[in-house]
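So you know, we letter chains A, B, ... as the sequences are listed, proteins then strands, and number each from 1. Just the heavy atoms: all of them, side chains too, but no hydrogens, waters or symmetry mates, feed the values below. On a predicted model such as this, the values are computed, not experimentally measured, just so you know.
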Number of protein chains: 2
Amino acid sequence: MTEERQDKKDHILEIAEKLFADLGYDGASTRHISQAAGVNMAMLNYYFGGKEGLYLSIFQKHVTQQKIKLENLNNEEISSIEKLEKCIDDYADKMMSNCAFQKIIYREMSLSQRSELNKKIISLISLNALEVKRIISEGIKNGSFNQDADADMLVASLFGTKSYIINAAEMSSLLMGYDVTNPSVIETVVKPRLKNHIKKMFRAYLINNNENN
Amino acid sequence: MTEERQDKKDHILEIAEKLFADLGYDGASTRHISQAAGVNMAMLNYYFGGKEGLYLSIFQKHVTQQKIKLENLNNEEISSIEKLEKCIDDYADKMMSNCAFQKIIYREMSLSQRSELNKKIISLISLNALEVKRIISEGIKNGSFNQDADADMLVASLFGTKSYIINAAEMSSLLMGYDVTNPSVIETVVKPRLKNHIKKMFRAYLINNNENN
DNA sequence: AATAATTAATCAATCGATTAATTATTTTTG
DNA sequence: CAAAAATAATTAATCGATTGATTAATTATT
């Protein structure tokens, strides 16, 4: 059945995503992936055409999902700070509930190998980043944000802070004193704390009229 | 001669560091590294005992350098905000002038493979992170910083922002409109802009008494 | 009966590492 | 100081292991 086949493909994608995140692209062998997914190694080639095809399929799955969310936010008519805070919440939710994929993304971005693949990934992430920049720039332009704020750097701070918590999870755990890799800890402790921090910091920097040097 | 030998070893380490950063640990083969360094493949094993030994040597080189800097900052007696800003500058200088190593570090931190190696790396980075946290916590304690500031998250924002600029260089370039991988651009544009941004943002969040919800 | 799905076995290529042989450099010795 | 002995450095060739991929045969489904 087509339905069963799709379920099996999704299952493989799920397992593969986890293994790629934990072991890296080269580190996760097709033998390991197929074994973990409980399928024959040849099925990976049968379904996805090969290891690269499997890897790409993982990205394509997420690209489709993310595109919809972006378009929704684009069309809302709310204040700049509300938009930005909505953005902060959205990305925190998305990134925190999908740590494995985030790890893959940022690791892939830091390589210069597999350039065709890289370009696809970067064009995806750049959609997100440029959208956030647009919101901030708009806020600066319409006077609701500090005039000499650096939109590019703020984008870096937003995504950088979140990816640091996720990618350097073992570091973060050591820093905070609890297990940042534990999903329930992430949901109940890390995520709200992260959201609160970024919102407060961005608000202090962007809105309150203070004289920094 | 011992001196010549050390020079050759350093040369190999330099080349290997670049290749590991560009291609990843698995992606950079010993054949590739030895060829790029202009030495026979067997020399890597002769000098470093193998690929892992070579990889470790790169870290040990940097560990030694960083330890000294950390101890110096520890012993200075200046205000909390001065210490923090000095920290921001120091890490910006270090990370920006050594992008290759930073890429390796953060990629390694996001893996769960090679655990003995990972622990060494994490313990090194945690030294830096905990030092920054200590400075911020001290500032909160002695009343110079905002009382409800989140020290852990600030550390994540500091290192996260910087590593985002470096690791997601292609993204940053697309965002900012100039080549973030170009050393002279980094030195004259990116580095000062990054320093300024973090200092201003941290100052707004930590010092100016504002009422964020 | 025909097509799709699945398996086990095998392919060539590449990996890191090692070997044995050769060359270069010290060190010892006369 | 030079010849010889000893050690260090370097090379080319090869090792077994693992990689992703493919094949041909088998089983399941339509």
TODO: List in chain and number order the residues that pass side chain to side chain donor-acceptor pair (under 3.5 Å) with A:Gln102, two or more places apart in sequence or in another chain; answer none if no residue qualifies.
DONE: none

Open item on the list: Looking at A:Val180, is its backbone amide N or carbonyl O close enough to the side chain of A:Ser173 to form a donor-acceptor pair, meaning the two atoms are under 3.5 Å apart?
Closed with: yes

- [ ] Measure the distance from NZ on B:Lys8 to P on D:dA8 and round it to the nearest whole Å.
- [x] 16 Å

- [ ] Take atom CE of B:Met43 and atom P of D:dA12, then tell me their distance rounded to the nearest Å.
- [x] 12 Å

TODO: Please collect all salt bridge (charged side-chain N to carboxylate O under 4.0 Å, His left out) contacts where either partner lies in residues 151-160 of chain A, sequence neighbours excluded, each pair once.
DONE: A:Lys133-A:Asp152, A:Asp152-B:Arg193

- [ ] For A:Gln60, enumerate each residue passing the side chain to side chain donor-acceptor pair (under 3.5 Å) test, keeping only those at least two apart in sequence or located in another chain.
- [x] none

TODO: Using whole Å, report how far CD of A:Gln35 lies from C1' of C:dT7.
DONE: 15 Å

Open item on the list: Identify the stems formed by DNA chain D, where each pair is Watson-Crick or G-U wobble with both distances under 3.5 angstrom and a stem is at least 3 consecutive pairs.
Closed with: C:1-30 with D:1-30

Open item on the list: In this structure, how many angstroms lie between the C1' atom of C:dG16 and the OH atom of B:Tyr55, rounded?
Closed with: 16 Å

Task: B:Phe48/B:Tyr55 aromatic ring centres below 6.0 Å - done: no

Task: For atom CG of B:Leu54 and atom C1' of C:dA17, their distance in whole Å - done: 14 Å

Task: Of B:Ile136, B:Asn128, B:Ile135, the residue whose pairing with B:Val132 passes side-chain contact (heavy atoms from CB on, under 4.5 Å) - done: B:Ile136

Task: Distance below 4.0 Å between A:Tyr46 side-chain N/O and C:dA4 OP1 or OP2 - done: no

Task: Annotated protein contacts, base or backbone, on nucleotides 18-28 of chain D with a non-hydrogen cut-off under 4.0 Å, one of B, S, - each - done: -BBBB------

Task: Rounded distance (Å) that lies between atom P of D:dA9 and atom CG of B:Leu44 - done: 15 Å

Open item on the list: Near DNA chain C, counting only heavy atoms under 4.0 Å, which residues of residues 9-18 of chain B show up?
Closed with: none

- [ ] State the CD1-CE distance between B:Ile166 and B:Met95, to the nearest 0.5 angstrom.
- [x] 4.5 Å

- [ ] Answer with yes or no after comparing the ring centroid distance for B:Phe101 and B:Phe59 against a 6.0 Å cut-off, counting only values under it.
- [x] yes

Open item on the list: Quick test of your reading of the model: are A:Arg203 and A:Glu85 salt-bridged, counting only N-O distances below 4.0 Å?
Closed with: yes

Open item on the list: If you count heavy atoms of other groups shown closer than 6.0 angstrom to NZ of A:Lys18, is the number above 12?
Closed with: no

TODO: Flag the pair A:Tyr205 / B:Tyr205 as yes when their ring centroid distance falls below 6.0 Å, and as no otherwise.
DONE: no

